[in-house]
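In what follows, a structure is listed as structure tokens, so that the remarks can point back to it.
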Amino acid sequence: MEKGNTKEQILAASLDLFSVKGFEATSIAQIADAVGLRKASLYSHFESKQDILDTLVDEITKEYEQHSIFVRADRSNPEFTAQKRNKTLEEIITEIKGQIRYIIHDPKISKVRKMLTIEQYQNDKLKSLQTKRSYEDILKYNLGQIRFLIQEGVLKDEDPEIMAAQLAWPISIWTNLCDREPEREAEAMELIDRHIRQFFRVYGKN
């Protein structure tokens with residue numbers, strides 16, 4: 001087994017365990033068993049359990065910065081303006097629900113979200129990452145969308161930050177519901193659909 005590949009397997013197994021048991025409740029022996037290694041062999045790849053977590057968080061942060069729509073959207077970019085201009089309500093709903101399905105069903109994203117939920121009260125670094133991912137970036141992204149739609153004359157010129165919160169937070173709650181109770185995804189998606197339509201009925205100018 002190649003060393004690089006073994007490290008990836010250790011990180012994957014650790015994320016599996018951390019997302020269910022939490023960091024503190026997971027032992028090095030459990031991680032080694034999950035990969036099929038002896039503890040001594042695992043230590044040839046990582047110095048400690050904390051080293052595994054630090055490496056995992058670094059990788060998660062890099063991937064998030066590269067791929068998350070909440071980070072990458074640049075509202076000063078003409079390409080962003082062209083993509084968002086003249087979108088119908090149905091297209092907006094399809095885009096939002098597609099993103100929700102992606103973050104619910106992508107195995108790594110789902111596990112990271114569950115790990116952060118568990119660890120946010122125990123680990124300052126993960127607390128900050130959870131705040132950035134589940135609050136700051138989502139609000140910033142939606143705030144940019146709302147301001148753009150106000151500027152385009154699609155939405156009323158009300159308090160954009162409050163509008164962004166009103167749009168975003170119920171969707172976050174239903175996403176978390178799907179994490180806890182996957183069998184309720186259809187219910188959550190139907191509520192998200194109704195929520196977005198009502199938001200545009202309340203704030204839409206047309």
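Just so it is clear, the values below take in all heavy atoms, side chains as well, and ignore hydrogens, waters and symmetry mates.
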Requested in this report: Please indicate whether E161 has more than 12 foreign heavy atoms, meaning atoms of other residues, nucleotides or ligands, lying under 6.0 Å from its CD.
Outcome: no
Query raised in the report: Just by modelled atom types, is the D157 backbone N or O under 3.5 Å from a matching donor or acceptor in the K205 side chain?
Result: no
Report task. Report yes if some heavy atom in the side chain of Y203 is under 4.5 Å from a heavy atom in the side chain of V154; otherwise report no. Result -> no
Report task. Measure the spacing between NZ of K97 and CZ of R101 and express it to the nearest 0.5 Å. Result -> 5.5 Å
With a cut-off of 3.5 Å and sequence neighbours excluded, list every side-chain donor-acceptor pair involving residues 36-43.
| from | atom 1 | to | atom 2 | distance (Å) |
| --- | --- | --- | --- | --- |
| R38 | NH2 | S41 | OG | 3.4 |

Report task. Classify the ring geometry between F23 and F18 as parallel (under 30°), tilted (30 to 60°) or perpendicular (over 60°). Result -> perpendicular
Report task. Kindly work out whether a path of hydrophobic side-chain contacts (I/L/V/M/F/W/Y, heavy atoms less than 4.5 Å apart) joins I93 to Y102. Result -> yes
**Report entry** Check: L149 and M163 side chains under 4.5 Å, non-hydrogen atoms
**Finding:** no
Query raised in the report: How close do C178 and A188 get, heavy atom to heavy atom, and via which atoms?
Result: SG-CB, 3.6 Å
Report summary line: Rounded to the nearest 0.5 Å, the OG atom of S128 sits from the CD atom of E136 at a distance of 8.5 Å
Query raised in the report: Passes side-chain contact (heavy atoms from CB on, under 4.5 Å), V20 versus K114? Steps please.
Result: CA-CA 7 Å; V20 175; K114 291 173 184 177; over 6 Å; no
Query raised in the report: Within a reach of under 6.0 Å around CZ of R197, are more than 12 heavy atoms found that belong to other residues, nucleotides or ligands?
Result: yes
**Report entry** Sub-4.5 Å side-chain heavy-atom contact between D137 and Y141
**Finding:** no
Query raised in the report: Could you state the interatomic distance from OG1 (T6) to NE2 (H45), rounded to the nearest 0.5 Å?
Result: 4.5 Å
Query raised in the report: Are L15 and I118 connected in a single hydrophobic cluster, I mean Ile/Leu/Val/Met/Phe/Trp/Tyr linked by side-chain heavy atoms less than 4.5 Å apart?
Result: no
Report task. Might you point out which heavy atoms bring N142 and A164 nearest each other, and give the distance in Å? Result -> C-CB, 3.8 Å
Query raised in the report: Between T55 (side chain) and D51 (backbone), is there a donor-acceptor pair under 3.5 Å?
Result: yes
Query - V202 vs Q166, side-chain contact (heavy atoms from CB on, under 4.5 Å): CA-CA, chis, key distance, verdict - result: CA-CA 11 Å; V202 171; Q166 289 174 335; over 6 Å; no
Query raised in the report: So, D124 and K127, do they make that salt bridge, N to O below 4.0 Å?
Result: yes
Query raised in the report: How many angstroms lie between CG in L126 and CD in Q120, if you round to the nearest 0.5 Å?
Result: 9.5 Å
Query - Exceeds 12 heavy-atom contacts within 6.0 angstrom, atom CD of E47 - result: no
Query raised in the report: Under a 4.5 Å cut-off applied to non-hydrogen side-chain atoms, are D54 and Q50 in contact?
Result: yes
Report summary line: For Q30, the side-chain contact (heavy atoms from CB on, under 4.5 Å) test, sequence neighbours excluded, returns L17, K21, T26, S27
Report summary line: OG of S110 to CE of M115, rounded to nearest 0.5 Å, is 12.0 Å
Query - Beyond-backbone contact of I146 with F199, side-chain heavy atoms, under 4.5 angstrom - result: yes
Query raised in the report: Passes side-chain contact (heavy atoms from CB on, under 4.5 Å), R184 versus W174? Steps please.
Result: CA-CA 9 Å; R184 299 181 69 178; W174 287 315; over 6 Å; no
Requested in this report: Look at the side chain of Q99 and the backbone N and O of I96, then say whether any donor-acceptor pair between them is shorter than 3.5 Å.
Outcome: no
Query - Considering all heavy atoms, the nearest I138-S172 contact - result: CD1-OG, 4.1 Å
Query - Backbone of L116 reached by a side-chain donor or acceptor of R133 within 3.5 Å - result: no
Report task. Please tell me if the side chains of E181 and L177 come closer than 4.5 Å, counting only heavy atoms from C-beta onward. Result -> yes
Report task. Return the minimal non-hydrogen interatomic distance between E91 and T88, and the atom names on each side. Result -> OE1-N, 2.9 Å
**Report entry** Exercise: identify the closest heavy-atom pair between L11 and I52
**Finding:** CD2-O, 3.7 Å
Report task. Of all the heavy-atom pairs spanning A13 and V35, show the shortest one and how long it is. Result -> CB-CG2, 3.6 Å
**Report entry** Criterion side-chain contact (heavy atoms from CB on, under 4.5 Å) on N5 and E8, from CA distance to verdict
**Finding:** CA-CA 5 Å; N5 189 47; E8 291 172 8; 3.9 Å; yes
**Report entry** Approximate separation, where rounding is to 0.5 Å, of E59 CD and K7 NZ
**Finding:** 8.5 Å
Query - Residue pair P182 / E185, side-chain heavy-atom distance below 4.5 Å - result: no
